Protein chains: 2
Amino acid sequence: MSQDDVGVDLDTSLGYHLKQAHSVLRSAMDAALRPLGMTVPQYACLELLHQRPGLSNSELARGAFVSRQSMNVLLQSLEREQLVSRPDQSPAGRALPVQLTPLGGERLRAASAAVSSVETRMTQALNINQQQQLRDLLASCVKALSE
Amino acid sequence: MSQDDVGVDLDTSLGYHLKQAHSVLRSAMDAALRPLGMTVPQYACLELLHQRPGLSNSELARGAFVSRQSMNVLLQSLEREQLVSRPDQSPAGRALPVQLTPLGGERLRAASAAVSSVETRMTQALNINQQQQLRDLLASCVKALSE
DNA sequence: TGACTCATGTCAATATTCTGACATACCTTG
DNA sequence: CAAGGTATGTCAGAATATTGACATGAGTCA
């Protein structure tokens, strides 16, 4: 296909493969989290908070690769469900440190197990070395595009 | 971080690396296409049509990993801009084969070059073997999640 | 032939996300 | 100290995508 001088062959394009892999993973995570009444962005936010408690809204947004406005509406819904908490006043600057509530931690555990299972399924055909290779290759792509 | 029994370590998680790489690539493509007045989904649709002329709305949707409703509104805007064309009546079944117009092909060429340059930049630190490895690893992940 | 299943195109309503904008708080720098 | 720059939280509006639903056309099978 495509005897073009300049162009992109979708079967060869790494970008297309990346997009496809992301899409399939997203669908699988969606399906795994749905029975738990949780969405992927919600899970991402909780997982982020679990590993780095006290992150601010903006920091969470960067970590989840969304705008801080989107993360804010997400946090509002999580607050309504009592899964996270924010102080009324900022201890320093404007940033409000977000904390996981006990209930949030509980819900996260189940979600984390579900997601972990999906990731295991995704990489079941890859050995440890290959998994590390994939990590490194992806990191190289990220680094190259970030400068 | 995370001495948990069950959980996901974001620094290790392949899913997180995948999400990050996808996000960075998407931003870079966005920036590259903006001067051309084109969005990433629009480009994806045109590129798909170039390599497989006559694809239907539903087929395009699957190829671009969006719902067929989203692809439909996308096609409507592309039709309005005279970049693609659809027959008034279906030649067989309900599917309407979409075609790239000459203008669409022209616009695609510029967009394709821009995207190609982004992809080259993304993989600049990878040799041919590594690029093929990355393709194969991603394909393995897709295959594993698709069954 | 008739009933069933499946894929498609499309309409409507909803949800999600983004961009633009503004005020606030901290931090430099002159 | 005052001024500019940066980061943050938040509001409002627009763009984008999704789900749900329905009718149409094609193929299958009894």
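Residue numbering restarts at 1 for every chain, and letters A, B, ... go by the order of the sequence lines. Note that the structure is a prediction, hence the values are computed from the model and not measured.
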A/Q89 atom CD: more than 12 heavy-atom contacts under 6.0 Å = no
Under 4.0 angstrom between A/R86 side-chain N/O and D/dT10 OP1 or OP2 = yes
For A/E59 and D/dA7, give me the distance from atom CD to atom P, rounded to whole Å.
-> 12 Å
note: B/N57, atom CG; C/dC11, atom P; distance rounded to Å ~ 12 Å
Between the CZ atom in A/R52 and the CG atom in A/L100, the distance rounded to the nearest 0.5 Å is 15.0 Å
Identify the heavy atoms of B/A64 and A/K19 that sit nearest to each other, and give their distance.
-> O-CE, 3.7 Å
Donor-acceptor pair (no angle test) under 3.5 Å: A/R94 side chain, C/dA23 base = yes
A/N72 side chain N/O closer than 4.0 Å to the phosphate oxygens (OP1, OP2) of D/dT10?
-> yes
Taking only side-chain nitrogens and oxygens of A/S70, does any of them come within less than 4.0 Å of OP1 or OP2 of C/dC18?
-> yes
Using the ring of each side chain (for Trp, its six-membered ring), is A/Y16 parallel, tilted or perpendicular to B/F65, with breaks at 30° and 60°?
-> tilted
Does OP1 or OP2 of D/dT18 have a side-chain N or O of B/S67 closer than 4.0 Å?
-> yes
Report yes or no: do B/Q131 and B/N127 form a side-chain donor-acceptor pair below 3.5 Å?
-> no
A/F65 CZ to C/dT16 C1', straight-line distance once rounded to whole Å | 19 Å
Which part of the nucleic acid, if any, lies within contact of B/L74, taking any heavy atom under 4.0 Å across all strands shown: a base, the sugar-phosphate backbone alone, or nothing?
-> nothing
Quick one: B/L78 CG to D/dT16 P, roughly how many Å, whole number?
-> 11 Å
Could you state the atom-to-atom distance from CG of A/D30 to P of D/dA17 in whole Å?
-> 16 Å
Return the value, rounded to whole Å, for the distance between atom CD of B/Q69 and atom P of C/dT14.
-> 16 Å
What is the distance, rounded to the nearest whole Å, between atom CG of B/D88 and atom P of C/dT10?
-> 11 Å
Could you state the atom-to-atom distance from CE of B/M71 to P of D/dT16 in whole Å?
-> 14 Å
Closest-nucleotide ordering on DNA chain C, the 5'-leading residue of A/R26 and A/P91 = A/R26
D/dA21 phosphate, OP1 or OP2, under 4.0 Å from B/R68 side-chain N/O | no
Would you kindly compare A/T39 and B/R34 by the position of their nearest DNA chain C nucleotide and give the one closer to the 5′ end?
-> A/T39
Pick base, sugar-phosphate or nothing for A/V66, based on heavy-atom distances below 4.0 Å to the nucleic acid.
-> sugar-phosphate
